[in-house]
Amino acid sequence: RTLPITFNLSHHLSDADGSVTFLLDKATFAEQGLQPQDLFPLFKKQLSAVSGSISADGEYHWGREQRSGATITLDNLSFQTPLIHLEQLSTQLDFSSLTPLQSRGEQQINIGQLDAGVPINDIEAIVRLQADKTLAIKQIQWPFSGGTFSVQDTEFSPDHDPPPFTVTIRDLDLSTLSKMVQLEGLEVNGTLNGAIPIAFIDGKVVIQQAEVKTRQPGLLRFRATAAAAALQQGGESSRLLIQALENFHYQQLRITINGELEGNVVVGIHLSGSNPELYDGYPVELNFNVEGRLVDMVKKEGRSLQPLKRR
């Protein structure tokens, strides 16, 4: 099997001036058809289940005029590596230089799904590759639960450890999220806004002091028979908690998250408000934690969450 690629080479011996141009016609990969390792055995352990197409063209000039450039088009490209699973990558990458490799300004990339432990869907990214090999991210954004997650103005260099960055959350719809959470009897409305700081510590991705909260009052109802029966065994405070959550009119709902992205995270839930049917609506504050592995909470389709284990 071969790639549909052509080269044109010219060189003038008298002044050592020349150029090479190349054209890669559309190369289409399929799981039951052409695979990169069929052409380059080096990829056998690095890439699998490749589908989609690649095309490219470019030029390289030397001698009196030294310049280079290329355009690479990826259409619906999907693949699996030992670390990630990626689906439906589409972009047209325009490079103003090949030595050093540098993009021609900002480039837009669209990805259907990226799964590196936690699935992320419908990603839109605007990035720039600089001459010093730094990847400058202007913005990466993806939708979730009626709102958006985004990362902005972050740079990654292969010569340095990854820097900390922040994931910004805007207008996360709690009603939508409560339907995604597989927790019997949970209803909640309102929207969440906040930030998730991410750091790289000893080779691990760590969520540090993340906080999201509501800006307006709302309503939370939790009427799970099984959970209530379990908490009834926990004493008076647990029974009061269940009663309060049956019809809790909150003034603010705040959620904190701490822990390793691929390990256990502790989610703190902080509520202030009242239940009109409990103590004549006397205002109370409720604080409790739930804990579990984030990668287990998120299902593979990235559309729903597993129940959190109560501490």
Side-chain angles (χ1 to χ4, degrees), residues 1-11 18-63 66-121 123-137 140 155-162 203 262 300:
R1 297 180 180 182
T2 60
L3 280 177
I5 186 168
T6 57
F7 292 92
N8 288 308
L9 174 66
S10 66
H11 182 75
S19 67
V20 61
T21 62
F22 65 89
L23 173 65
L24 171 63
D25 239 349
K26 190 174 183 179
T28 300
F29 298 97
E31 290 193 43
Q32 303 303 320
L34 181 66
Q35 290 288 289
Q37 58 263 35
D38 296 332
L39 305 166
F40 308 102
L42 179 66
F43 289 129
K44 186 172 183 179
K45 294 183 179 180
Q46 305 301 321
L47 288 174
S48 61
V50 180
S51 62
S53 66
I54 301 175
S55 58
D57 64 85
E59 60 181 1
Y60 188 90
H61 296 259
W62 59 88
Q66 295 188 10
R67 59 185 173 86
S68 60
T71 299
I72 301 174
T73 302
L74 309 177
D75 185 19
N76 253 357
L77 193 67
S78 301
F79 58 84
Q80 178 88 39
T81 78
L83 297 178
I84 67 168
H85 176 73
L86 185 146
E87 293 184 5
Q88 298 178 334
L89 166 62
S90 294
T91 186
Q92 180 171 294
L93 302 174
D94 192 10
F95 295 96
S96 59
S97 171
L98 300 179
T99 53
L101 190 62
Q102 181 178 0
S103 66
R104 194 184 305 276
E106 294 171 346
Q107 312 287 302
Q108 181 168 332
I109 301 172
N110 298 297
I111 300 173
Q113 184 181 85
L114 174 65
D115 186 349
V118 177
I120 301 174
N121 300 288
I123 304 167
E124 297 180 356
I126 300 175
V127 301
R128 183 179 72 256
L129 182 61
Q130 300 175 168
D132 63 358
K133 300 182 288 186
T134 296
L135 180 65
I137 297 172
I140 298 178
E155 295 187 350
F156 292 90
S157 170
D159 299 326
H160 301 93
D161 292 334
E262 296 186 1
K300 284 302 179 183

Exercise. Is there a side-chain contact between Ile111 and Ile120, using heavy atoms and a 4.5 Å cut-off?
Worked result: no
Seminar exercise, completed: Heavy atoms of Gly63 and Gln66 approach each other most closely as O-CG, 3.5 Å
Problem set entry | Phe156 side, atom CZ; Ile137 side, atom CD1 - distance, nearest 0.5 Å | 5.0 Å
For this session: With sequence neighbours excluded, give me every salt bridge (charged side-chain N to carboxylate O under 4.0 Å, His left out) pair touching residues 45-57.
Result: none
Exercise. So which heavy atom on Trp62 is nearest to which on Val20, and how close?
Worked result: CZ3-N, 3.7 Å
Exercise. Partners of Lys44 by salt bridge (Lys or Arg N to Asp or Glu O under 4.0 Å), sequence neighbours excluded?
Worked result: none
Problem set entry | Residues which pass side chain to side chain donor-acceptor pair (under 3.5 Å) with Thr99, listed by chain and number, not counting sequence neighbours | none
Problem set entry | Residues that Ser51 engages under side chain to side chain contact (heavy atoms under 4.5 Å, CB included), provided they are two or more places apart | Ser78
Problem set entry | Gap between atom CD of Gln88 and atom CD1 of Ile123 - 0.5 Å precision | 11.5 Å
Exercise. Which pairs pass salt bridge (charged side-chain N to carboxylate O under 4.0 Å, His left out) with one or both residues in residues 81-96, sequence neighbours excluded?
Worked result: Asp94-Arg104
For this session: Can you sort out the partners of Asn110 under side chain to side chain contact (heavy atoms under 4.5 Å, CB included), two or more places apart, ordered by chain and number?
Result: Gln108, Glu124
Problem set entry | Leu93/Ile109 under side-chain contact (heavy atoms from CB on, under 4.5 Å): CA gap, chis, key distance, verdict | CA-CA 8 Å; Leu93 302 174; Ile109 301 172; 4.3 Å; yes
For this session: Could you list all the salt bridge (charged side-chain N to carboxylate O under 4.0 Å, His left out) pairs where at least one residue sits in residues 28-37, not counting sequence neighbours?
Result: none
Problem set entry | Nearest non-hydrogen partners of Ala27 and Pro4, listed with the distance | CB-CD, 4.3 Å
Problem set entry | Distance (rounded to the nearest 0.5 Å) between Thr91 OG1 and Leu74 CG | 6.5 Å
Exercise. Closest approach of Leu77 and Ser53, non-hydrogen atoms and distance?
Worked result: CD1-N, 4.3 Å
Exercise. What's the verdict on side-chain contact (heavy atoms from CB on, under 4.5 Å) for Leu114 and Ile84, showing C-alpha distance, side-chain angles and the deciding distance?
Worked result: CA-CA 7 Å; Leu114 174 65; Ile84 67 168; 3.9 Å; yes
Exercise. What is the distance from atom OG of Ser19 to atom CG of Leu9, rounded to the nearest 0.5 Å?
Worked result: 7.5 Å
Problem set entry | Reported CZ-to-CG distance for the pair Phe79 and Leu86, which is rounded to 0.5 angstrom | 4.5 Å
Exercise. Is it true that a side-chain atom of Gln35 and a backbone atom of Ala30 form a donor plus acceptor pair closer than 3.5 Å?
Worked result: yes
Exercise. Under the side chain to side chain contact (heavy atoms under 4.5 Å, CB included) test, which residues partner Ala136, sequence neighbours left out?
Worked result: Arg128, Gln130, Glu155
Exercise. What residues form a side chain to side chain donor-acceptor pair (under 3.5 Å) with Thr21, not counting sequence neighbours?
Worked result: none
Exercise. With Leu101, which residues qualify under side chain to side chain contact (heavy atoms under 4.5 Å, CB included), at least two apart?
Worked result: Phe95, Leu98, Leu129
Exercise. Can you name the salt bridge (Lys or Arg N to Asp or Glu O under 4.0 Å) partners of Glu59, sequence neighbours left out?
Worked result: Arg67
Seminar exercise, completed: Nearest heavy-atom contact between Leu39 and Phe29 is CD1-CE2, 4.5 Å
Exercise. Which residues pass the side chain to side chain donor-acceptor pair (under 3.5 Å) test with Glu106, sequence neighbours left out?
Worked result: none
Exercise. Once you round to the nearest 0.5 Å, how far does CG of Leu24 lie from OG of Ser55?
Worked result: 6.5 Å
For this session: Using the six-membered ring wherever Trp is involved, compare the ring planes of Phe43 and Phe40 and label them parallel, tilted or perpendicular (cut-offs 30° and 60°).
Result: perpendicular
Exercise. For Asp132, does the CG atom sit with more than 12 other heavy atoms under 6.0 Å from it, leaving out its own atoms?
Worked result: yes
